[in-house]
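Heavy-atom basis, side chains included; hydrogens, waters and symmetry copies ignored. All residue numbers refer to positions in the sequence shown, counting from 1.
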Amino acid sequence: MIYVSLLDEKTRRLVFYLAMEEYIAHKVDEKDCFFMWQVRPSVLFGRNQLIANEVNLDYCREKGIEIYRRKSGGGCIYADMNNVMSSYITKEDKVSISFSRFLNMVVDVLHRLNIPAEASGRNDILIEGKKVSGNAFYHAAGKSILHGTMLFDTDMENMTNSLTPNTEKLSSKGVQSIRQHIALLKDYTDIGIKEFKEFVKKHLCDEELTLTENDIREIEKIEKEYLSDEFIYGNNPSYNLVKRQRIEDVGIIEVHLELKNNIIKKINLLGDYFLVGDLDNDLLKRLQGAELREDTLQNVVPADLNDVIMNLKKEDFIRLLLQ
């Protein structure tokens with residue numbers, strides 16, 4: 001695997017590295033690429049999440065914590081210079097295979113450090129039952145982009161105060177204290193964060209590609225999209241009916257509906273689910289104009305809903321719409 005590096009080690013905005021992933025996917029014709037990065041205190045929420053539901057905006061403004069949206073699904077995270085963020089770009093386009101490969105590679109490296117890590121659920125890595133890494137993915141340029149965070153010595157006060165945890169998700173995992181269910185790598189290894197990054201790089205990659213100044217300028221052009229208020233904040237939905245549920249192995253799905261005479265006029269899905277298909281064309285447009293009743297929904301909701309939202313079953317989605 002090729003490690004992709006920059007000409008300098010200066011600290012950049014979080015979204016520069018998201019743009020760098022895209023650039024590599026489009027311009028670097030290699031099977032597997034990988035790089036790691038660190039950022040100033042930042043909150044990063046998923047493509048399909050509503051910022052007001054996930055981020056403590058007042059706290060972030062007070063503390064100077066930057067706020068960004070990404071193009072992958074999944075939940076909201078906090079990152080700082082004591083996180084190790086990583087990106088994996090692969091030509092493998094099957095989500096389950098890409099995810100499994102990425103998580104298992106990271107777990108194997110942690111095992112080499114005698115850290116008892118294990119892949120868990122749809123996107124987490126745990127140490128002794130505590131979460132140390134969360135990961136997400138999306139498709140671009142015919143490739144899979146997977147990225148994640150590894151908690152090394154993260155500022156737990158900033159993490160817990162900048163995020164607005166969903167009470168359903170917390171209660172479903174029996175969480176009384178976030179810190180009690182979070183693992184920090186510093187507690188399981190004697191090496192520092194710089195040495196950890198070098199160890200990961202050495203054991204995962206056998207080649208290195210350094211991007212040029214021209215590459216960096218092109219990445220900065222892509223970065224501008226991530227910096228726009230329209231992309232970060234989006235349009236808050238104004239639908240008149242909201243249905244929300246946590247579905248096992250799928251995540252939180254929040255359905256915003258505008259109905260007239262029980263006919264769906266508008267529909268949008270928010271949440272920390274993972275999108276694997278074309279949400280608009282394969283699902284939302286099919287539901288517009290449909291009556292909100294079971295026999296109608298059975299006809300318009302595709303049977304292979306797992307091809308649109310990871311692990312989502314047709315019957316579970318219909319049940320949510322009708323609750």
Using a 4.5 Å cut-off on heavy atoms from C-beta on, say whether the side chain of L18 contacts that of R70.
yes

For S144 and E92, what are the C-alpha separation, side-chain angles and deciding distance, and is it a side chain to side chain donor-acceptor pair (under 3.5 Å)?
CA-CA 6 Å; S144 294; E92 173 58 65; over 6 Å; no

Distance in Å, K63 NZ paired with D155 CG, rounded so as to fall on 0.5 Å steps
9.0 Å

If Ile, Leu, Val, Met, Phe, Trp and Tyr residues are connected whenever their side-chain heavy atoms lie under 4.5 Å apart, and connections chain through other members, are L126 and F102 in the same group?
no

Nearest heavy-atom pair of C76 and Q49: which atoms, and what distance?
N-OE1, 3.3 Å

Between the side chain of K243 and the main-chain N/O of Q323, is any donor-acceptor distance below 3.5 Å?
yes

Assess the side chains of D215 and T212: does a donor N or O sit below 3.5 Å from an acceptor N or O?
yes

State, yes or no, whether a side-chain contact exists between V109 and L204 at a heavy-atom distance under 4.5 Å.
yes

Between K285 and D280, is the closest basic N to carboxylate O distance under 4.0 Å?
no

Judged by modelled atom types alone, do S87 and E21 share a side-chain donor-acceptor pair under 3.5 Å?
yes

Rounded to the nearest 0.5 angstrom, the CD-CG distance for E30 and L209 is 8.0 Å

Taking a hydrophobic cluster as the set of Ile, Leu, Val, Met, Phe, Trp and Tyr residues connected by side-chain heavy atoms closer than 4.5 Å, whether directly or through intermediates, do I222 and L44 fall within one such cluster?
yes

Salt bridge flag under 4.0 Å for residues K91 and D29
yes

Hydrogens and angles aside, do Y78 and N83 bring a side-chain donor and acceptor to less than 3.5 Å of each other?
no

Mark yes or no: K201 above the aromatic ring of Y3, with NZ or CZ under 6.0 Å from the six-membered ring centre and no more than 45 degrees from the axis.
yes

Less than 3.5 Å apart, any donor N or O on the side chain of H147 or S72 sitting next to an acceptor on the other?
yes

More than 12 foreign heavy atoms under 6.0 Å from CG of N214: is that the case here?
yes

State, yes or no, whether a side-chain contact exists between F16 and I216 at a heavy-atom distance under 4.5 Å.
yes

Whether the S162 and N158 side chains hold a donor-acceptor pair (N or O, under 3.5 Å, no angle test) is what I'd like checked.
no

If you compare all heavy atoms of V4 against all heavy atoms of C33, which two are closest, and at what distance to 0.1 Å?
CG2-CB, 4.0 Å

Taking the side chain as everything from C-beta on, heavy atoms only, tell me whether L185 gets closer than 4.5 Å to I127.
yes

Mind checking the NZ-CD1 spacing from K27 to I219? Nearest 0.5 Å is all I need.
11.5 Å

Do I2 and L211 share a hydrophobic cluster, counting only Ile, Leu, Val, Met, Phe, Trp and Tyr and linking them when any side-chain heavy atoms are less than 4.5 Å apart?
yes

Does E195 reach the main-chain N or O of G192 with its side chain, forming a donor-acceptor pair under 3.5 Å?
yes

What about V132 and I193, same hydrophobic cluster or not, with Ile/Leu/Val/Met/Phe/Trp/Tyr joined at side-chain heavy-atom distances under 4.5 Å?
yes

Are T90 and S98 close enough that a side-chain donor and a side-chain acceptor fall under 3.5 Å?
no

Please check if the number of heavy atoms outside D295 that lie under 6.0 Å from its CG is greater than 12.
yes

Say whether, by atom type as modelled, one donor and one acceptor occur between the side chain of E22 and the main chain of A140 under 3.5 angstrom.
no

Which atom pair, heavy atoms only, marks the closest approach of A117 to V107?
O-CG1, 3.6 Å

Looking at R69 and E54, does any basic side-chain N land under 4.0 Å from a carboxylate oxygen?
no

Is a donor on one side and an acceptor on the other found under 3.5 Å between the side chain of S133 and the backbone of T149?
yes

Given 3.5 Å as the limit, does a donor-acceptor pair link the side chain of D304 with the main chain of N306, or not?
no

I89 and F35, any side-chain heavy atoms less than 4.5 Å apart:
yes

Does V250 reach the side chain of M310, with side-chain heavy atoms less than 4.5 Å apart?
no

Given I65 and R40, is the side-chain contact (heavy atoms from CB on, under 4.5 Å) satisfied, shown in steps?
CA-CA 8 Å; I65 298 171; R40 297 182 292 267; over 6 Å; no

Answer yes or no: is there a donor N or O on one side and an acceptor on the other, between the side chain of R246 and the main chain of I252, under 3.5 Å?
no

Could you check whether any side-chain N or O of N135 sits under 3.5 Å from a backbone N or O of N123, counting only pairs where one atom can act as donor and the other as acceptor?
yes

For E225, does its backbone N or O pair with a side-chain atom of S228 as donor and acceptor, under 3.5 Å?
yes

Please determine whether a side-chain nitrogen of the Lys or Arg among K221 and E218 lies less than 4.0 Å from a carboxylate oxygen of the Asp or Glu.
yes

Under a 4.0 Å threshold between the charged nitrogen and the carboxylate oxygen, would R13 count as salt-bridged to E66?
no

Of the non-hydrogen atoms in V276 and H139, which two are nearest, and what is the gap between them?
O-CD2, 4.2 Å

Heavy-atom distance under 4.5 Å between the side chains of L259 and I264, does that happen here?
yes

Could you report the tightest heavy-atom contact between V308 and D282, atom names first, then the distance?
CG2-CB, 3.8 Å

To the nearest 0.5 angstrom, please state how far the OG1 atom of T160 sits from the CD atom of E157.
6.5 Å

Please list all pairs passing the ring-ring contact (aromatic ring centres under 6.0 Å, His included) test where one or both residues lie in residues 201-231, with sequence neighbours left out.
F199-H203, Y226-F231

Please tell me whether F34 and Y88 form a close aromatic pair, meaning their ring centres lie under 6.0 Å apart.
no

Check: D249 main-chain N/O paired with N311 side-chain donor or acceptor under 3.5 Å:
yes

If you measure from CD1 on I67 to CD1 on I232, what distance do you get to the nearest 0.5 Å?
8.5 Å

So, taking the atom named NZ in K71 and the one named CZ in R47, what distance separates them when rounded to the nearest 0.5 Å?
9.0 Å

Would a hydrophobic clustering, with Ile, Leu, Val, Met, Phe, Trp and Tyr connected at side-chain separations under 4.5 Å, put I263 with L321?
no

For residues 299-323, which residue pairs pass the ring-ring contact (aromatic ring centres under 6.0 Å, His included) check, not counting sequence neighbours?
none

Would you call R12 and E223 a salt bridge, taking side-chain N to carboxylate O under 4.0 Å as the test?
no

Is the shortest side-chain heavy-atom distance between N48 and L269 below 4.5 Å?
no

Selection residues 260-304 - residue pairs positive for ring-ring contact (aromatic ring centres under 6.0 Å, His included), sequence neighbours left out
F99-F274, F137-F274

Can you tell me if CD on E294 sees more than 12 non-hydrogen neighbours from other groups inside 6.0 Å?
no

Ignoring hydrogens and geometry, is there a side-chain-to-backbone donor-acceptor pair from N56 to N161 under 3.5 Å?
yes

Considering all heavy atoms of both residues, which atom of E213 and which atom of L7 are nearest to each other, and what is their separation?
CG-CD1, 3.4 Å

